[in-house]
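Below, chain A is the first sequence line, B the second, and so on; all start at residue 1.
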Amino acid sequence: MLAPFMFNQYVIFIATAALVILISFTGMDSAFRWNFRGLLNFRKALNDPALGMVAVNTVVFTVCTMLIKMAWGFVIALTTTLYMRSQRAGVFFRMIWLLPRISPTVVEAMLWTWVFSSSEYGVLNSVMHLLYGWEPVPWLTQYPLLLNILLAGIMGSSFTMVVLSSAIQSINKSYFYVAKVDGASEMAIIKDLVIPFLKWPLTFLVIWQGLSMLTSYETILLLTDGGPMYRSETWALHAFHKAFSTLDFGYGSAISVLLLPVIAVVVVFSYRMFGFNKLMGGGK
Amino acid sequence: MKISSKSLILLLVVSLLAISPALWAGGQKEPVKAGAAAPAATVETVKIQIMTRDGSAPARVNNFNDAAKALNAELEKEKAPQRVEVDAFVKQMTDPEFDKYFIFAAQSNNSCDIYATNYSKIGWMANGNYLQPLDGIEKAPVLKNLMPGLWNAVTWQGHIYGVIQDMEARPIFVFKPALKKLGWTDAQIAALPGRVESGDFLLRDFIALAKESVAKGATKYGLLHPTGGSDLAVLFISNGTWFYDEGSQKFVLDKAKFLETFQWLEQMGKDQLIPKQFIGVDKNELLKAFVNGQTLFLLAGVWDEAKWRTSGFHSELGNVSSDWIEQNIGVMFMPASDKSVKPSTISNPWVYVVPKSTKNPQLIQRLLQAVSVPELQAKHGTESYHIPFTAEGMTAVKDNAWLTKVGFLLKSTKFMPLHPDKPKFEKILSESTSNVVTGKMTSAQAVEWMEKQMKLDMGDIIVK
């Protein structure tokens with residue numbers, strides 16, 4: 001019964017990773033020839049003038065987006081579960097926040113591209129001109145990374161919201177009654193009651209969202225395509241561009257392989273720092 | 001999408017296919033022998049698949065329906081044992097998506113018989129041993145009067161790998177009402193393209209006129225341009241820059257020449273003659289701004305005329321008519337930096353290529369000739385506003401005012417190199433130019449950056 005899962009986990013994943021590592025030692029291009037050339041791709045990566053900026057972008061994008069997703073998801077979860085008397089209204093608002101999760105990313109990106117269009121015909125530029133007489137602002141070229149962070153963070157907060165909503169709803173109501181009777185302020189209830197109860201979901205979400213953002217590039221690809229001049233290019237997107245835009249599969253694989261040690265460090269750090277091993281081992 | 005899931009799986013599939021490309025290889029059918037007699041009962045119908053990714057010009061593949069009829073009539077007359085049935089389809093996708101699609105189809109032996117694609121892919125496709133050489137097809141009567149130099153666009157390492165499907169050019173469009181506001185007469189405006197060709201109107205005049213137009217409020221901007229590598233190349237060849245050495249088949253970075261072009265672009269950027277907010281935007285935004293008189297000059301393609309007529313870009317008129325375009329929009333070469341340089345344009349023709357795996361190479365060669373007749377060139381040309389590629393094709397569109405008007409651009413057309421590294425070069429050219437115009441790099445920094453990036457991505461290049 002577990003065969004498909006095991007096949008996926010231990011054959012497909014491992015074989016894929018092994019192949020990517022193998023390709024990273026070749027000069028494979030559009031011709032698909034296995035011409036091994038040792039560490040050349042890795043040496044090339046060290047000399048790639050764009051890679052420094054790409055690394056910084058990746059850290060900034062991952063940390064900021066993860067923080068926004070956590071904070072915003074937590075706010076929505078809290079307001080729609082704890083502070084809304086009507087359960088139906090809470091569900092309704094949470095459903096609205098689920099819309100970005102179910103709408104096609106391409107459609108979403110097209111919409112945002114129109115909103116932030118640099119010309120005077122863009123939605124935001126039209127509105128700002130109408131209200132304040134602003135000249136057109138090249139939003140996507142002037143603030144490419146910031147806009148990607150905001151959009152990925154806010155639109156992607158639904159997963160955090162779903163997990164934390166369920167976790168908050170599972171807290172025994174009597175704790176809240178007792179806290180109220182004892183005269184605890186709303187802030188104290190959140191800080192001393194809700195957050196401690198959410199320790200494990202929060203730990204899981206931080207690790208999960210962090211790792212996801214480290215390897216994600218789809219929204220950036222569609223919104224700014226990493227530009228202008230690599231200013232919104234993240235590591236995973238750089239690997240994608242090298243492999244599939246210029247058909248340099250060997251070099252693209254080498255760049256993605258360089259991400260593996262970083263992911264390994266993050267995982268080990270998470271295990272030790274956050275006690276993640278207890279969560280995974282069910283020692284809660 | 002995660003590197004650890006979808007992309008890795010994609011790479012796995014691709015790699016597996018790469019390991020065993022011949023696994024599913026099929027046998028070759030007997031070619032058609034023209035004139036071979038065969039009883040009607042044994043006539044075989046050969047299905048030929050033709051694909052394009054370009055939904056804006058479906059005649060690229062739909063023309064094969066008419067071509068198949070013509071070929072079948074010939075085959076019937078010859079009493080040949082085969083007839084063709086065409087399965088022509090448009091599968092809309094981006095250029096990089098098409099590259100992947102083509103490679104994966106070829107590696108899994110699922111290629112179509114003919115692809116309509118951009119000529120510049122021939123380099124890497126031939127290099128990867130994906131294509132069937134079509135040597136000898138140049139002798140076909142229908143292709144005899146090809147526009148000069150066009151065979152170069154489909155020839156890689158001495159072999160012909162494609163048949164030209166259409167032509168285009170990237171001129172400079174001029175907004176005539178702005179020139180009138182500056183006091184130009186109709187006669188002066190009409191004479192401008194000729195002055196550019198003769199070297200009487202040079203790059204410095206072009207920049208000065210753009211500056212005057214903005215200073216006097218005739219237009220808001222001087223020049224708008226897309227940031228695609230082939231488009232930008234038009235600006236660089238205006239001072240005689242060329243990017244490639246045919247003999248050694250290496251890309252060339254002539255630092256002094258590149259610096260010259262970067263310098264005037266940098267200055268135009270600083271003067272806001274080229275507005276930063278239009279760098280890297282969707283091309284439709286540029287077309288919209290131009291047709292509404294916001295800029296004096298626009299670098300775009302001859303086929304973009306159709307968008308002004310059909311996409312409702314004009315803020316008051318919506319779609320503009322051919323007459324409106326004739327009255328308000330002029331077309332000329334990019335002016336040269338000095339009289340010694342001949343003004344030129346860059347063309348990016350589409351071609352038909354035939355994958356190596358095709359089972360009916362001779363039949364396909366005949367079909368390619370049938371689809372190249374002047375009438376079908378004219379059909380595609382008038383539908384999509386691309387230029388025919390033979391003298392007879394140009395005659396067939398003589399009633400189309402626009403195609404006739406822009407035909408002069410073919411007098412001096414260059415093609416970007418067919419080299420497999422062309423996409424890398426164009427990306428570097430695009431990024432460095434965008435950086436210079438937006439003020440992120442000085443001209444000198446951009447040249448240095450180009451050198452470093454070209455050496456890194458393309459290896460062996462010639463630096464002058």
Check whether B:Lys422 gets within reach of chain A through its side chain, its backbone, both or neither, counting any heavy atom under 4.5 Å. neither
Heavy-atom closest pair, residues A:Ala31 and B:Gln107: O-NE2, 4.2 Å
Measure B:Lys455 against the heavy atoms of chain A and call it side chain, backbone, both or neither at under 4.5 Å. neither
Would you say A:Phe36 has more than 12 foreign heavy atoms packed within less than 6.0 Å of its CZ? yes
Do B:Lys276 and A:Thr141 come within less than 4.5 Å of each other through their side chains, counting heavy atoms only? no
Please classify the contact of B:Lys452 with chain A as side chain, backbone, both or neither, using a heavy-atom distance under 4.5 Å. side chain
Is B:Glu97 close to A:Phe244 at the side-chain level, that is, under 4.5 Å between some pair of heavy atoms? no
Closest heavy-atom pair, B:Lys424 versus A:Asp248, reported as atoms and distance to 0.1 Å, is NZ-OD2, 3.6 Å
Contacting region of A:Arg43 [heavy-atom separation from chain B under 4.5 Å]: neither
Looking at A:Glu135, A:Arg231, A:His241, which one has more heavy-atom pairs under 4.5 Å with chain B than the rest? A:Arg231
For B:Asn284, which atoms come within 4.5 Å of any heavy atom of chain A: side chain, backbone, both, or neither? neither
Taking atom NE2 of A:His129 as the centre, report whether more than 12 heavy atoms of other residues, nucleotides or ligands fall under 6.0 Å from it. no
The interface call for B:Met441 against chain A, heavy-atom contacts under 4.5 Å, is side chain
For residues A:Phe32 and B:Ile103, determine if any side-chain heavy atom of one lies less than 4.5 Å from a side-chain heavy atom of the other. yes
Return the CG to CH2 distance between A:Leu247 and B:Trp124, rounded to the nearest 0.5 Å. 5.5 Å
For the backbone of B:Asp457 and the side chain of A:Tyr251, can you confirm whether one donor and one acceptor N or O come within less than 3.5 Å of each other? no
What part of A:Gln142 gets within 4.5 angstrom of chain B, counting heavy atoms only: side chain, backbone, both, or neither? neither
Under 4.5 Å from any heavy atom of chain B - which part of A:Ser117: side chain
Part of B:Phe102 lying under 4.5 Å from any heavy atom of chain A: neither
Which one wins on heavy-atom pair count under 4.5 Å against chain A: B:Glu426, B:Lys427, B:Glu285? B:Glu285
If we only count heavy atoms from C-beta on, is the A:Ser30 to B:Asn127 side-chain gap below 4.5 Å? no
Do you know the tightest heavy-atom contact between A:Asp48 and B:Leu456? CA-CD2, 3.4 Å
